[in-house]
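See structure below.
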Amino acid sequence: MSAEYKPNEIEPKWQTYWDEQDVYRVTEDPEREKFYVLDMFPYPSGSGLHVGHVEGYTATDIVARYKRLKGFNVLHPMGWDAFGLPAEQHAIKTGEHPREATARNIATFKRQLKRLGFSYDWSREVNTTDVDYYRWTQWIFLKLYEQDLAYIAEVPVNWCPALGTVLANEEVIDGKSERGGYAVVRKPMRQWMLRITKYADRLLEDLDLIDWPDHLKEMQRNWIGQSQGAEVDFAVDAESAGGLDAKIRVFTTRPDTLFGATYMVLSPEHPLVDPITAASQRADVDAYIAQASHKTDLQRTDLAKDKTGVFTGAYAINPMNGERVPVWIADYVLATYGTGAIMAVPAHDERDWEFAKKFDLPIVEVISGGEDVQEAAHTGDGVAVNSGFLDGKSVVEAKAETIAWLEEKGAGKGTINYKLRDWLFSRQRYWGEPFPIVHTEDGEHHALPEERLPLELPELADYKPTGTGEPPLAKAADWLQTTAPDGRPATRETNTMPQWAGSCWYYLRYIDPTNDEAPWSPEAEQYWMPVDLYVGGAEHAVLHLLYSRFWHKVLFDCGLVSTPEPFQRVVNQGMILGKTYEHYTTSEGAPVSRADMHKHENLTGEEIHPDHVRVVAPANVKWDGNTPLHPEHGFELHEIIEKMSKSRGNVVNPDDVIETYGADALRLYEMFMGPLEQAKPWDDRSVNGVYRFLTRVWRLLAAEEGEGLSERVVDGAIEEGLNKELHRMIKRVTEETEDMRFNTGIAAMMEYSNFLYKQDTIARGAIEPFVVMLSAYAPHIGEELWHRVGHDSSVVHADWPSFDESVLVEASVEIAVQIMGKMRGTIEIAVDADQDAAVAAARANEDVERHLEGKTIRRVIFVPGRILNFVVG
RNA sequence: GCCCCCGUAGCCCAACUGGUAGAGGCAAGCGACUUAAAAUCGCUCGAGUCCGGGUUCGAAUCCCGGCGGGGGCACCA
């Protein structure tokens with residue numbers, strides 16, 4: 001009976017062994033090629049590890065183990081992105097220090113990760129909230145500050161009253177906070193900014209240097225949003241603007257259409273709005289500005305809404321033709337993009353066209369080739385008309401000539417504009433890195449010298465936001481008062497850094513985690529960097545990955561790192577979806593199936609009001625073959641595949657799966673579900689399949705009693721047929737693992753074990769390679785069997801098996817015979833048979849000959865080893 | 001509205017990148033074992049590749065147009 005596969009016994013045993021033997025510890029070894037495989041470290045939330053973490057972490061663990069077995073010196077670390085809002089919200093609610101809740105959560109995560117048998121070098125664990133870590137985050141901030149990449153600005157920010165903080169643009173989704181979904185409003189505040197825009201061009205160009213999925217690069221390109229165009233100055237018509245002498249600068253990507261600019265639009269926040277507004281328009285303009293300021297970004301950018309705007313009463317002069325054009329304000333022009341003002345060319349821009357139609361402004365065609373511009377804007381290609389010296393020129397030529405003309409006249413210049421804005425880098429929170437900055441009475445700010453780092457977070461009596469926008473750190477009276485580097489009294493900066501700060505450089509700390517002289521040593525950096533493989537969720541495509549690249553480039557310019565990019569290859573794991581089983585309740589409260597719900601309630605559409613929807617936990621569903629049934633009432637449940645969420649009751653807890661099937665089965669199942677990058681639904685019943693595979697392997701190889709091997713494993717030479725299967729399996733598993741196609745790699749191992757089951761005896765030499773390969777995927781059973789095979793040291797130190805291609809060569813091959821592309825039979829021919837031999841063999845086949853009867857063979861297509869095709873006429 | 005990815009047995013997925021549509025798993029069916037069931041072992045069933053065109057000797061694979069699902073961007077001048 002001891003032959004039974006008991007993951008809950010063998011798994012803890014080997015986890016302890018690995019810890020005690022310290023098998024995953026790595027150090028720099030110039031003799032060996034390095035491989036740095038990195039996970040996106042988790043935010044240690046209170047709900048613990050979820051199956052999505054397990055997916056990515058298993059993938060990297062397999063790669064790490066594979067590379068180790070291949071002889072690489074593998075760096076595979078883990079740590080904690082532990083600053084952040086949830087811990088602070090918890091502190092506000094309970095009064096418990098965020099450090100304590102964080103430590104507790106980390107302990108849970110760590111226990112869960114260890115339970116999964118991941119091969120991390122835990123001696124390199126980092127925690128962004130440790131003083132020994134964040135002193136270097138502060139140190140890197142000083143580098144940014146020294147390079148003039150950090151500055152203070154009064155900017156309209158996303159103020160979230162509920163959270164008591166400002167948020168970065170990236171943290172605001174549809175006008176609500178990414179975390180919590182609270183309303184966000186615009187409010188001008190004094191904030192720290194990082195000049196990421198200075199690196200926009202390099203962040204864009206260097207995407208060509210790295211091996212990332214296309215969709216991810218595309219998202220970064222969109223975010224950076226480079227557009228080529230021109231800045232053009234329109235002089236304000238002084239007479240119309242109370243004698244004001246001013247210029248309105250606009251950005252346009254279509255300088256070729258300048259002759260068609262029939263009006264201008266300023267954003268409501270534009271500084272010239274107030275000075276140019278005519279007395280007669282003052283009331284309307286002020287009302288419009290007030291109205292716009294109360295709108296959220298969501299409302300302002302709602303595409304469905306009509307264009308709105310107000311005439312200022314002022315005019316400007318089109319520099320090309322000297323014509324007076326009216327200046328309007330409208331909220332479809334954004335203050336934060338370009339110059340906050342546009343020239344409107346209604347004939348060739350859909351937004352301007354809509355606005356012009358609504359307010360009856362002139363529409364003048366300047367690019368021919370489209371339909372009537374009075375009916376619709378023509379945004380396509382064409383030839384310049386009504387454009388003076390540009391007439392007859394193509395769009396491309398007209399752009400170039402206009403820019404040259406503007407530059408000569410000093411009325412504008414060619415320029416490149418970016419959608420990317422500077423990074424709002426401060427938060428009005430407690431649980432973050434304090435800025436190493438002090439303020440003196442004269443309003444100047446000063447960096448703390450390096451020797452005064454770390455600047456530790458002070459203890460507070462409570463963590464509540466002040467509500468005014470002033471950060472909680474302002475309450476730390478003793479901490480607040482200090483001296484400037486020159487000895488003058490000063491007060492500390494009370495903002496803290498955003499959560500992204502710590503995660504911007506953690507991959508560098510792993511390479512030298514305990515260094516207290518420097519964030520990392522140059523030697524270690526040169527050995528380990530760049531990260532060879534970085535796996536994580538796509539939700540970080542533009543935020544974390546862009547910020548890290550930015551910091552890395554700054555560090556590169558400072559000579560602190562040796563590579564221009566941090567992450568050579570990035571892979572996104574697809575989301576694991578959950579299955580929800582719904583039933584419904586009628587207005588009378590009776591539980592019914594979906595079909596009956598429609599009948600009872602006379603519903604015509606698909607939508608059933610949420611109040612009438614009930615869900616059955618997947619574990620409680622009763623199955624009749626493939627039909628999910630209600631556990632009590634027995635009617636059919638409606639299955640929905642969607643994102644896992646607590647409220648839908650479809651969250652799978654890794655701990656539960658390990659309890660039932662073991663960590664190896666969980667790892668294997670998540671890899672077997674499908675391609676790593678693809679979204680796929682969790683299927684409780686399929687976990688059984690891989691669990692069954694492991695029990696089969698166990699029964700095949702483990703002795704029925706004691707700690708040895710099954711009797712069917714024997715010494716001696718490997719029989720020819722088995723040897724062929726063995727080498728075929730090694731080849732396939734090697735290639736699939738190399739390409740991270742773990743699902744098919746596992747299938748190859750399953751096939752091999754199915755083959756082994758048909759053998760009466762199996763030579764020992766045919767199972768060792770299998771055990772080694774299996775150990776990369778399912779390390780516990782792999783280690784157990786490795787020891788049972790007779791090894792004393794860990795399978796971690798084994799060699800990845802190699803295969804002999806010559807073993808796989810077949811003497812003959814079966815190929816298909818087609819006539820006009822239709823399958824008519826197969827023939828068995830020698831592998832090196834030539835076309836004549838193949839045709840002869842085919843004509844000996846009755847079916848083939850029957851179809852060829854009476855036809856003329858016009859052409860023969862022969863692809864050796866694949867196909868023979870007759871073209872007849 | 002624009003951009004990207006995906007549609008293959010009841011389900012999750014393979015198919016050497018244009019060459020016999022099926023490797024693996026789930027589910028189902030049959031048999032063996034069992035007093036019976038579960039577990040286990042063995043065997044079996046199963047789609048012509050979302051739809052319509054095109055290129056080709058040959059298309060799941062390439063091209064065009066739809067439909068369906070997922071993701072991203074969204075007045076960015």
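A note on names: the letters A, B, ... follow the listed sequences, proteins ahead of strands, and every chain is numbered from 1.
When the C1' atom is compared between C30(B) and C64(B), the two are found 48 Å apart, to the nearest whole Å. When the P atom is compared between A28(B) and A37(B), the two are found 15 Å apart, to the nearest whole Å.
In this entry C73(B) has G1(B) as its Watson-Crick or G-U wobble partner, both defining distances falling under 3.5 Å. Using Watson-Crick or G-U wobble geometry with both donor-acceptor distances under 3.5 Å, C13(B) finds its partner in G22(B).
Checking Y661(A), W698(A), Y669(A) one by one against Y691(A), the ring pair (Phe, Tyr, Trp, His ring centres under 6.0 Å) holds for a single residue, Y661(A).
In this model, the phosphate group of C5(B) is not approached by any side-chain N or O of Q678(A) to a distance below 4.0 Å at OP1 or OP2. Contact annotation: R685(A) side-chain N/O to A27(B) OP1/OP2 distance is not under 4.0 Å. Contact annotation: N743(A) reaches the phosphate of A14(B) (side-chain N/O to OP1 or OP2, under 4.0 Å). Taking 4.0 angstrom as the limit, S227(A) places a side-chain polar atom (N or O) nearer than this to OP1 or OP2 of A77(B). The phosphate of C73(B) has neither OP1 nor OP2 within less than 4.0 Å of any side-chain N or O from R221(A).
Each of N869(A) and R696(A) lies near RNA chain B, and the nucleotide nearest R696(A) is the one positioned closer to the 5' end.
A distance of 6.0 Å separates CZ of F234(A) from CE of M343(A), quoted to the nearest 0.5 Å.
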Could you walk me through whether I210(A) and V570(A) pass side chain to side chain contact (heavy atoms under 4.5 Å, CB included), step by step?
CA-CA 9 Å; I210(A) 48 187; V570(A) 170; over 6 Å; no

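For a distance-only test at 3.5 Å, the side chain of K680(A) fails to qualify as a donor-acceptor partner of the base of C13(B). R866(A) contributes a side-chain N or O that forms a donor-acceptor pair with the base of C16(B) under 3.5 Å.
For the salt bridge (charged side-chain N to carboxylate O under 4.0 Å, His left out) test, no residue two or more places apart in sequence or in another chain qualifies with D760(A).
The CD1 atom of I640(A) sits 14 Å away from the C1' atom of G69(B) (whole-angstrom rounding).
No more than 12 heavy atoms of other residues, nucleotides or ligands shown are found within 6.0 angstrom of CD on E846(A).
Listed nucleotides C41(B), U40(B), C12(B) differ in distance to R692(A); the shortest reach to its side chain belongs to U40(B).
Base orientation of G68(B): anti, since the glycosidic angle falls outside 90° of 0.
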